Structure formats: C-alpha cells, structure tokens
Number of protein chains: 2
Amino acid sequence: MARRATAQDVADLAGVSRSAVSLVLNGRAKGLISAVKQEAVLEAARRLEYTPNAVAQSLRTSRTRILGVLTWRGVGGLPLHLMASALQTSLNNGYKLIKMYAEPTEIDQRRALSTLGNQQVDGMLVVAPELCQYEAVEALSASPVVLLNCQDPHQQLTCVAPDEEGAGRGAVEALLERGHRDIAVLSGPLDHFQTGLRASGATRALADAGLAPTQVQAEDLRIDEGLAAATALLRSDRPPTALVATNERLAVGVMLAAARLGLSVPQDLSLVSLDDREQLSNQLSPEATRMERPDDLMAAHAAELLMDWLDTGRAPEAQNYSFVCPLVDGASIAAPASRG
Amino acid sequence: MARRATAQDVADLAGVSRSAVSLVLNGRAKGLISAVKQEAVLEAARRLEYTPNAVAQSLRTSRTRILGVLTWRGVGGLPLHLMASALQTSLNNGYKLIKMYAEPTEIDQRRALSTLGNQQVDGMLVVAPELCQYEAVEALSASPVVLLNCQDPHQQLTCVAPDEEGAGRGAVEALLERGHRDIAVLSGPLDHFQTGLRASGATRALADAGLAPTQVQAEDLRIDEGLAAATALLRSDRPPTALVATNERLAVGVMLAAARLGLSVPQDLSLVSLDDREQLSNQLSPEATRMERPDDLMAAHAAELLMDWLDTGRAPEAQNYSFVCPLVDGASIAAPASRG
DNA sequence: CTGAAAGCGCTTACAG
DNA sequence: CTGAAAGCGCTTACAG
C-alpha cells in the first residue's frame with residue numbers, strides 16, 4: 001500500500017503552502033485564497049485521495065470526535081441492538097463511538113474511564129440496558145456526558161429516558177377502553193427499578209379507575225418465570241380477563257401459559273405487553289398489542305444533546321428528557337367475554 | 001479540571017529529562033537509567049497521576065491500539081451482545097473497540113472504512129450477526145482483519161466461525177441416541193446460508209442413520225413462523241416424535257405449537273434447538289436441550305489472532321478456525337412414547 | 001491574499 | 001548512563 005498523502009503532498013502538487021491547503025480544506029478560505037488556487041488545492045486533494053490524518057488533527061485540536069459509550073449487560077442480557085445502532089446513525093460530523101462494557105459500579109466505571117480517558121474521547125454516553133438509577137463517579141460527571149435509558153439520582157446530569165410509568169398506565173388504559181375490569185399486572189420483582197415503575201404505572205391506572213389491582217410478580221424477567229406466574233394466576237378462582245406483562249419475555253410466558261390451559265388470546269384472555277424492543281412481542285401469534293419504548297428517538301436525542309454540547313462548548317440544562325412509549329396495535333386484545 | 005500532567009511535568013518534578021521519563025515508563029530503562037532516578041520518575045508520575053496522552057502516542061508511533069468492529073443487524077435483528085462483550089473482555093494491552101454498523105454491501109463497507117480509515121484504527125474485525133459469506137472490499141482485505149462468525153468466499157482472510165453443520169448433526173444424534181426414528185427438521189428458508197447449513201447437517205445425520213429426512217421450512221426465523229410450520233407438521237398424518245429447530249425463535253414457536261395442540265414436551269415431543277445465544281431456549285419450560293454456539297470462545301480467539309497480528313506484524317496463516325458447538329442438556333428430550 | 005513558524009505530547013535514534 | 005533534537009501531521013496566529 002502506498003504511503004498516504006499528507007497536506008504537504010497536496011500543497012506541493014497544487015503549488016501552494018501547507019497553510020493554504022489547511023484553510024481551503026477546512027472551509028476558511030473565503031476572502032483569503034484566490035478562487036484559482038482554491039480550485040487547485042481541491043483538485044490536488046482529489047487526485048491524491050487526501051484525507052487528513054485524524055490523529056494529527058486530534059493532537060492539534062485536542063478533539064478526537066470520538067464518543068465513549070459505557071454500557072453493560074442487563075438482567076437476562078437484554079440486548080441494546082436497536083439503541084446502539086440508532087445511536088450510530090444519529091452521529092454526524094464524523095463522530096464515532098467507542099464502546100466499553102462496564103458494570104455501573106464505582107470500580108468498573110473508574111477502570112473504563114481510565115482506559116478511555118487519556119484524551120481519547122470528547123464525551124461520554126451511558127447507555128443502560130434497562131431503566132435504572134445511575135450513580136456516576138466524579139470523573140464521569142465532570143466530563144461532557146449524557147445518560148441514556150437511565151437517570152441521575154442527584155438530578156445533576158442530562159438524562160434521556162422513557163416514561164415507564166406512563167407505559168404501564170397506557171397498557172391498562174387500552175384494556176379499560178375495551179371494557180375490561182378484571183385486569184392483572186404481571187411484573188418482575190418489584191424492587192427491580194424498571195419493572196417496579198411499569199407495574200406502579202399500571203396499578204395506579206387501575207386505582208384511578210376505581211379497580212382493585214391484582215398484582216403478580218414473576219421471580220425474574222424470564223420466559224419460564226412468566227409462564228409459571230401466569231399459570232398460577234390463570235388457574236386461580238377468579239382469573240382476570242386481561243393481563244399486562246411488564247416485559248416481553250413475561251409476555252411470551254403468558255402466551256405459553258394460555259396455550260397450555262387451552263385459553264385463546266384474545267378471545268379468552270387479552271394481553272398487553274411492555275416492549276423492550278427484543279422483537280419478541282411482535283413475533284407472537286397473535287401479535288401482542290404493546291407499549292413500545294422509542295429506542296431510536298431516545299438514542300437520536302441523546303446523541304444530539306452530546307454533540308451540541310461538544311460543538312458549542314455549552315452544557316445543556318441538566319434535565320430529564322422523558323419519552324412517551326406509544327401504543328402499538330397488535331391483535332392480542334378484545335372485549336372481555338361475558339362470564340358464564 | 002486541572003491541566004493534565006505531561007511527560008515534561010514528570011521530568012521536571014523528578015529532576016530528569018523527558019527522554020528518561022519516556023524510557024522508564026515504557027520499561028526500557030534497564031541498564032540505562034540509575035535505579036534512583038527510575039524510582040524518582042515513577043514517584044513523580046504517581047504523584048501527578050500521569051498517564052501518557054494516547055493521541056500523541058498514536059501520532060508518534062502510528063499505532064492507535066483501536067480496533068474497528070464492523071457489524072450489522074441480522075434477520076430479526078439478532079443481538080450480538082455476548083460476542084461483543086466477549087470481544088471486549090478479550091482485549092489486552094489497552095486495545096479498544098470502535099464499532100460501526102455497516103451492511104455487508106460494497107458501498108456501506110467503503111463508507112464505514114473511510115470514516116474509520118484515517119489512521120485511526122490498527123485493525124478490523126468483521127462480526128456477523130449470523131454465519132454468512134462476507135465479501136470484503138479491497139480496502140478491508142488489505143488491512144489487518146479477522147472475520148468473526150462469517151467466512152471469506154475467497155479463502156484469503158482469517159475467519160473464526162462455528163461448525164454449523166456439525167451442530168445440526170449433533171442435534172440429530174442426540175435424538176437418535178434416545179431412540180427416536182421419526183425426526184423432523186424445522187428450519188428457516190434453505191437459501192438462508194446459516195439455517196441452510198444447520199439443516200443440511202441435520203438431514204445428513206438422518207441419512208447416515210438410514211432415515212428419510214422430514215424437512216419443514218418456516219417462512220422466516222421468527223416465533224410466529226416457527227409456530228405455524230410446527231403446527232402444520234404436528235397436525236399431519238404421521239407427526240414426528242422429535243423435532244430439531246435450527247434457531248431459538250423457531251424453538252419458541254414449537255413450544256407454543258405443542259402447547260396449543262395439547263402435546264407435552266418431552267413426553268409427546270422431543271425438541272433440540274440450535275442456539276444463537278439469545279437466551280430464549282434456556283428460558284423455555286422445560287428448558288430446551290440445545291447446541292450452543294460458543295460465542296465467547298470464538299470472540300476471544302478472533303481478538304487474539306488480530307492482536308497477535310498487530311503486535312508481531314506477522315499476519316496469521318489465512319485459515320478458517322471452526323468451533324464446535326457443544327450439546328447443552330436441557331429437559332426437552334426423552335425416549336419416544338411407544339406409538340398406539 | 002500568502003508563507004514561514006510554532007506547537008499539540010510523545011518516542012527514538014544520536015551525540016556526549 | 002543522560003540530555004538535546006528531530007519529527008509524527010496537523011492548525012492557527014503572525015508577519016509580510
């Protein structure tokens with residue numbers, strides 16, 4: 001492979017100085033360099049396939065245009081494919097992402113930051129696999145950082161997160177609208193931050209409608225645990241006519257439970273799932289009606305906040321940007337069958 | 001935030017020259033620098049919390065210690081969480097990963113490489129969401145690159161991939177061992193590279209055992225398609241006593257189909273799934289017996305090959321490293337019930 | 001309008 | 001054993 005062309009090569013070919021090359025290529029030539037020479041520089045750069053050495057630029061400008069992403073594996077290894085790819089497509093001006101897996105503990109954060117921190121990233125994104133409180137270490141808080149899908153307990157950092165309570169509420173409302181009154185909420189353990197919020201949104205909506213909430217907790221956000229919990233519930237004396245599952249895996253469990261008990265969805269049982277974008281609820285049969293977390297919008301917003309921050313040098317007002325989770329129609333809800 | 005310490009600061013504090021600092025910190029001081037001064041440098045570096053500026057190092061050494069990862073979203077957005085995190089934990093000597101989503105097309109590869117290529121990465125990893133042939137563009141082939149979970153059709157590049165055929169074969173063998181003779185293979189569309197290989201391994205094992213293979217193709221590697229195909233199969237005149245699903249999502253569909261038809265797994269139907277590490281087959285109830293793709297081992301091997309290449313400057317023999325997919329016991333297979 | 005010069009922070013021969 | 005010097009490739013005042 002031939003040696004890469006440098007700015008000097010371009011200058012030589014174009015018959016100008018190195019500075020002129022830099023000015024033209026960075027769009028600062030207007031009113032400084034003659035049109036003829038500008039064209040010569042552009043032409044030379046084209047012929048030599050010149051692209052500036054990013055490392056040298058970084059050293060000079062102390063900007064790398066690399067953003068660090070801190071992420072970790074969630075309960076059940078929830079994937080963040082959608083958010084990660086949305087993050088990338090939101091990048092502009094040559095920003096790139098460097099990704100590190102680091103548990104949200106103090107020691108892991110420190111370790112990740114020291115690997116990343118040697119002047120190699122301009123800013124950081126913390127991307128949580130599921131909504132949680134994120135206690136950022138000092139070194140992280142001090143740098144340009146945006147939290148995605150998690151919140152700063154101290155309200156000091158800029159956060160982009162879904163309205164999980166609203167999603168729980170919306171799921172219940174969709175069922176109330178169809179006429180259901182016996183609605184149960186199947187969640188994971190309530191001390192789990194995300195599932196707790198979802199469940200509390202759902203039970204509040206029930207309470208607001210004057211209904212006593214039936215709550216069932218699966219032992220974990222897993223298919224088999226959802227199956228077990230749903231089976232117990234549906235076998236009880238007075239089974240609900242409708243279920244809200246706070247997680248897709250639980251929803252799969254519900255479908256299995258219903259099938260084994262000979263119940264049809266939605267004729268015998270309506271189901272609304274809260275969606276983590278795992279592509280499970282939309283592959284059920286019938287497709288589950290669900291509240292979808294807008295991963296793509298959230299990622300785009302977080303990326304934009306951080307890039308603006310870096311480009312302008314002004315930190316955004318620290319605040320929580322809360323994103324509504326829209327209802328996506330499936331075919332898993334119907335009016336309740338009249339009880340025999 | 002205080003200005004970061006530079007090598008000069010360390011030299012000043014330690015009362016030595018900048019070169020001495022560099023030598024000591026890079027472990028080349030042996031026999032050159034007096035023990036006393038070495039200690040002084042180390043002490044000064046400690047007190048100033050000095051870490052070398054990585055960008056400056058990169059400019060000087062023309063090595064960034066950043067590896068580029070090219071990946072894209074597969075059928076159904078298969079996650080690569082496990083492989084990606086295994087990749088990171090395999091990194092040593094300060095190597096970092098910069099990740100780009102780019103479809104395996106020529107144009108997307110080029111675009112990704114031009115973003116990445118400005119001297120900013122030392123080598124590349126191509127990480128496919130599912131086994132496939134990867135046609136690398138010239139610019140990619142010319143750089144240090146290792147393919148992970150995909151293969152070079154021209155056999156020129158170093159590849160790390162699972163033995164998908166062997167996995168299909170192993171699934172069938174596990175069922176044969178239990179005494180099954182009526183074994184069906186449920187796959188996705190056979191023109192799909194990965195599912196095709198898995199299915200052909202399975203059908204060959206059947207043929208080797210003197211059995212006529214029953215093959216069913218789901219229209220897509222989705223839960224609902226698996227459910228539809230499995231339902232048709234299990235409702236046929238002579239349903240199989242055992243099923244191999246070439247994919248976890250298909251396996252979930254099979255479980256749903258069995259449940260709806262009132263069939264118990266494994267009493268009425270045995271199931272072996274090929275596992276993409278989506279954490280689905282292990283969350284079924286009963287847990288599915290499966291052939292697991294060793295994502296962590298594969299990722300570690302690929303990372304090591306590439307790092308060795310970069311550290312020694314010698315490209316490895318271009319070859320396909322094929323990884324066996326081990327059988328992981330679940331509870332989804334049993335001896336066939338004697339037919340009435 | 002243009003070109004020579006400084007300097008980002010580091011490493012590595014090289015002369016003492 | 002040590003220190004002064006060059007240079008990686010760029011950008012940005014600065015003097016003409």
Side-chain angles (χ1 to χ4, degrees), chain A residues 2-42 44-45 48-66 93-94 117-122, chain B residues 2-42 44-45 48-66 93-94 117-122:
Chain A
R3 190 179 64 86
R4 278 169 55 93
T6 70
Q8 186 63 63
D9 297 330
V10 176
D12 291 349
L13 184 58
V16 299
S17 74
R18 238 169 54 179
S19 339
V21 172
S22 184
L23 290 172
V24 171
L25 263 27
N26 291 320
R28 310 161 143 269
K30 186 92 183 192
L32 289 178
I33 319 273
S34 71
V36 178
K37 295 216 169 180
Q38 286 193 42
E39 189 43 54
V41 168
L42 261 18
L48 296 174
E49 296 186 343
Y50 171 73
T51 53
N53 180 313
V55 174
Q57 276 180 320
S58 295
L59 181 59
R60 184 58 235 241
T61 62
S62 24
R63 295 279 309 271
T64 59
R65 298 200 158 271
I66 297 179
N93 299 325
N118 306 332
Q119 232 89 58
Q120 266 194 155
V121 297
D122 293 343
Chain B
R3 190 178 65 86
R4 279 169 54 94
T6 70
Q8 185 64 62
D9 297 329
V10 177
D12 292 349
L13 184 59
V16 300
S17 74
R18 238 170 53 180
S19 339
V21 172
S22 183
L23 290 172
V24 171
L25 263 28
N26 291 319
R28 309 160 144 271
K30 187 93 182 196
L32 288 177
I33 318 272
S34 71
V36 178
K37 295 218 168 180
Q38 286 192 43
E39 188 43 53
V41 168
L42 261 17
L48 296 173
E49 296 187 343
Y50 171 73
T51 53
N53 179 312
V55 173
Q57 277 180 320
S58 296
L59 182 59
R60 183 58 236 238
T61 61
S62 19
R63 296 279 310 268
T64 59
R65 297 202 159 270
I66 297 180
N93 299 324
N118 306 331
Q119 232 90 63
Q120 267 193 156
V121 297
D122 293 345

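Convention: sequence-line order gives letters A, B, ...; per-chain numbering from 1. Heavy atoms only: backbone and side chains are in, while hydrogens, waters and symmetry mates are out. Predicted, not measured: the structure shown is a model, and the values here were computed from it.
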In whole angstrom, give the distance that lies between atom [atom1] of [X] and atom [atom2] of [N].
| X | N | atom1 | atom2 | value |
| --- | --- | --- | --- | --- |
| B/Arg65 | C/dT11 | CZ | P | 12 Å |
| A/Leu59 | D/dT11 | CG | C1' | 11 Å |
| A/Asp12 | D/dG9 | CG | C1' | 14 Å |
| A/Asn53 | C/dG9 | CG | C1' | 15 Å |

Those residues that, when tested against B/Thr51, pass side-chain contact (heavy atoms from CB on, under 4.5 Å) (two or more places apart): A/Asn118, B/Arg4
side-chain contact (heavy atoms from CB on, under 4.5 Å) partners for B/Thr64, two or more places apart: A/Val55, B/Ser58, B/Ile66, B/Asp122
How close do B/Thr6 and B/Asp9 get, counting heavy atoms only, and between which atoms? N-OD2, 2.8 Å
Donor-acceptor list for residues 12-25 of chain B side chains, cut-off 3.5 Å, not counting sequence neighbours:
| unit_1 | atom_1 | unit_2 | atom_2 | d |
| --- | --- | --- | --- | --- |
| B/Asp12 | OD1 | B/Gln8 | NE2 | 2.9 |
| B/Ser17 | OG | B/Ser19 | N | 3.4 |
| B/Ser17 | OG | B/Ala20 | N | 3.3 |
| B/Ser22 | OG | B/Asn26 | ND2 | 3.3 |

Pairs under 3.5 angstrom, nitrogen or oxygen only, protein versus nucleotides 3-6 of chain C, please.
| unit_1 | atom_1 | unit_2 | atom_2 | d |
| --- | --- | --- | --- | --- |
| C/dG3 | OP2 | A/Ser17 | N | 3.2 |
| C/dA4 | N6 | A/Ser19 | OG | 2.5 |

Can you tell me if the side-chain N/O atoms of [X] get under 4.0 Å from OP1 or OP2 in [N]?
| X | N | answer |
| --- | --- | --- |
| B/Gln57 | C/dG9 | no |
| B/Asn26 | C/dT11 | yes |
| B/Gln8 | C/dG9 | no |

Under 4.0 Å, heavy atoms only, any strand: does B/Ser34 hit a base, just the sugar-phosphate, or nothing? sugar-phosphate
Expected output check: what is the dot-bracket annotation of DNA chain D, where ( ) and [ ] are pairs inside the strand (brackets for crossing ones), | is paired with another strand, and pairs are Watson-Crick or G-U under 3.5 Å? |||.||||||||.|||
Exercise answer: donor-acceptor pairs, residues 32-42 of chain B side-chain atoms, under 3.5 Å, sequence neighbours excluded:
| unit_1 | atom_1 | unit_2 | atom_2 | d |
| --- | --- | --- | --- | --- |
| B/Ser34 | OG | B/Lys37 | N | 3.3 |
| B/Gln38 | NE2 | B/Ile33 | O | 3.0 |

